[in-house]
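Since this is a predicted model, take the numbers as computed values, not measurements.
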Amino acid sequence: MMGIIIAVVASLVVAVPVTFVVTSNYQKNAAKSKIGSAEEQAREIIDEALKTAEEKKREGLLEVKEESIRTKNELDKEIKERRAEIQRNERRIQQKEENIDRKTEAIEKKEASLVAREENLNKQKEAIAKLNEERVQELERISGLTSDQAKDYLLKIVEDEVKHETAVMVKELESRAKEEADKKAKEYVVNAIQRCAADHVSETTISVVNLPNDEMKGRIIGREGRNIRTIETLTGVDLIIDDTPEAVILSGFDPIRREVARIALEKLIIDGRIHPAKIEEMVEKAQKEVETMIKEEGEAALLEVGVHGIHPELVKLLGKMKFRTSYGQNALKHSIEVAQLSGLLASELGLDVRIAKRAGLLHDIGKSVDHEMEGSHVQLGVELCRKYKESALVINAVESHHGDVEPTSLIACLVQAADAISAARPGARRETLETYTSRLRQLEEISNSFKGVDKSFAIHAGREVRIMVIPEQISDADMVLLARDISKQIEEQMEYPGQIKVNVIRESRVTDYAK
């Protein structure tokens, strides 16, 4: 067994090297054959690549030549087009130059003709001036007037004609404007008056205090009149104790003092103890009560009108106006009514209602202190409004509501109108006979002061003045201007409620006799 193994091993040892040698030779031969075929393929590929490159080169050269030929053709075409365009432009320029030359020649010809015409015109002007001079000389010789006299005569005629035409035009425009303005104004005023209803109570200078019995008169007089003297001294009011049953009359021009005396006397009557010390106590209480009443009245006026933000001192002064009167009309009620009317008129015209009410309420604020300080109520009112920082619009309304200065706003004009409406309401004011006759006399004096006026008559309680003119001195055209002048002078020199109608009448009469 061992021998067999050894034999097998020995055969293997011999077979392995032989096999390796054979295998190596075979592989070398195979590799050589593969290398030879690969070199041959490489040569073929190179040859093929060279052929392909040669063909590509020829194709590229052909494309470059074709592109260059095409580009050259396009450039030639563009050059031809540009040359043609340049030739066309040159022809147009040449035509324009020819046209300009022709126009220049025409202008030169026109200038020459204009120069000739100007020379002819100058000659004609000289001839006309010479003829005018000769004509003027001939007219002066025929008429017997110099040129200056003739000018004055013509100017007089033209002036009369223009004056007549102006008067006619003014009359037409005034009538047309008055129709429209009166219609609108009446509508606004009527609407405002209808929406503002106010009571009118004429104030007096006396107050009446009712007594429980006539025995109280003696207690008020006191021993040797000491009580009545004390009351009159402390209040500044006269007590009139006469035969009037169960009544005492307080007389005084200061309504505030009269109110203090009335309240104090009523308190004394209720208390029953009437002597100088008690009178002093009751008068002091009455004064405080009246001060409180003044403040409350001012605040109530603001609430009634709907105005806010007024200085507290102005509110107190408004309250004092409850005890002030003008022609018998209560000043505070008048101011409230003017404020309401101003607000209503402002709403009709689309203006600021709040400012209009404020200006209307404060327009007579100077009346609250005009008996304590010097100056008119208009001046005092302006000073008070400036002192308490009211707006310029309100100040102008205060100082212009009687025409002392020109109004600078529509609201100031509305306050003027509202003031006139409130004062002109039936029963609102009471005039004395002396004031009434003085106004009538002043109306007639103003009318008679104008040249050409024959007579004048103030009628309808001073709300109309009729003026009779001299027909030979005043023409129909002059009547329009005369009425306007008289109206302006009345507005400047007089104070009156409402408006005054100026009626100018010209009457011509021709008289003849049959014989």
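Using a cutoff of 4.0 Å between basic side-chain nitrogens and carboxylate oxygens, Lys278 and Glu281 are scored as salt-bridged. Ion pair Glu296/Lys316 not flagged as a salt bridge, since none of the NZ, NE, NH1 or NH2 atoms sits closer than 4.0 Å to an Asp/Glu carboxylate oxygen. With respect to Arg262 and Glu259, a salt bridge is recorded, a charged nitrogen being found less than 4.0 Å from a carboxylate O. The pair Glu390-Arg358 meets the salt-bridge criterion, with a side-chain N (NZ, NE, NH1 or NH2) lying under 4.0 Å from an Asp/Glu carboxylate O.
Within the 4.5 Å cutoff, the side chain of Glu232 has no heavy atoms near those of the Val237 side chain. Annotation: side chain of Ile505 is not in contact with side chain of Ile467 (no heavy-atom distance under 4.5 Å). Proximity of Val465 to Asn503: side-chain heavy atoms (C-beta onward) are nowhere separated by under 4.5 Å. Ile490 places a side-chain heavy atom less than 4.5 Å from the side chain of Ile486. With contacts defined as side-chain heavy-atom distances shorter than 4.5 Å, the pair Asn122/Glu118 qualifies. Using a 4.5 Å cut-off on side-chain heavy atoms (C-beta onward), Leu410 and Leu349 make no contact. In this structure the side chain of Arg226 reaches within 4.5 angstrom of the side chain of Pro276, judged on heavy atoms. Residues Arg386 and Glu383 have side chains not in contact (no heavy-atom distance under 4.5 Å, counting atoms from C-beta outward).
In this structure, a donor-acceptor pair under 3.5 Å is present between the side chains of His377 and Asp364. Of the N and O atoms on the side chains of Asn396 and Thr408, at least one donor lies less than 3.5 Å from an acceptor on the other residue.
Asp238 meets the side-chain hydrogen bond (donor to acceptor under 3.5 Å, both in side chains) test with no other residue; sequence neighbours excluded.
Nearest heavy atom pair, residue Ala418 against residue Val338, reads CB-O, 3.7 Å. Nearest approach of Leu268 to Arg273, heavy atoms of both residues: CD2-O, 3.8 Å. Pairing each heavy atom of Ile256 with each of Val290, the nearest pair is CG2-CG1, 4.1 Å. Here the closest heavy-atom approach between residue Val415 and residue Ala356 is recorded as CG2-O, 4.4 Å.
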task: Evaluate the side chain to side chain contact (heavy atoms under 4.5 Å, CB included) criterion for residues Asp454 and Val469: first the C-alpha distance (whole Å), next the side-chain angles of each, then the deciding distance (0.1 Å), finally the verdict.
output: CA-CA 5 Å; Asp454 184 18; Val469 298; over 6 Å; no
query: Taking it one step at a time, do Lys285 and Glu289 satisfy salt bridge (charged side-chain N to carboxylate O under 4.0 Å, His left out)?
result: CA-CA 6 Å; Lys285 288 183 178 179; Glu289 188 173 333; over 6 Å; no
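Counting non-hydrogen atoms of neighbouring residues, nucleotides and ligands closer than 6.0 angstrom, the NZ atom of Lys295 reaches no more than 12 such neighbours. Enclosure of atom CE in Met169 is not indicated, since only 12 or fewer non-hydrogen atoms of other residues, nucleotides or ligands lie within 6.0 angstrom. Within a 6.0 Å sphere centred on CD of Glu266, other residues, nucleotides and ligands contribute more than 12 heavy atoms.
In this structure, Arg229 contributes its side chain and Glu224 its backbone to a donor-acceptor pair below 3.5 Å.
Ring-plane geometry between His363 and His334 is classed as perpendicular, the angle between the planes exceeding 60 degrees on a 0 to 90 degree scale with a lower cut at 30.
The list of side-chain hydrogen bond (donor to acceptor under 3.5 Å, both in side chains) pairs with a residue in residues 466-477, not counting sequence neighbours, reads Glu464-Arg466, Ser475-Asp478, Asp476-Arg506.
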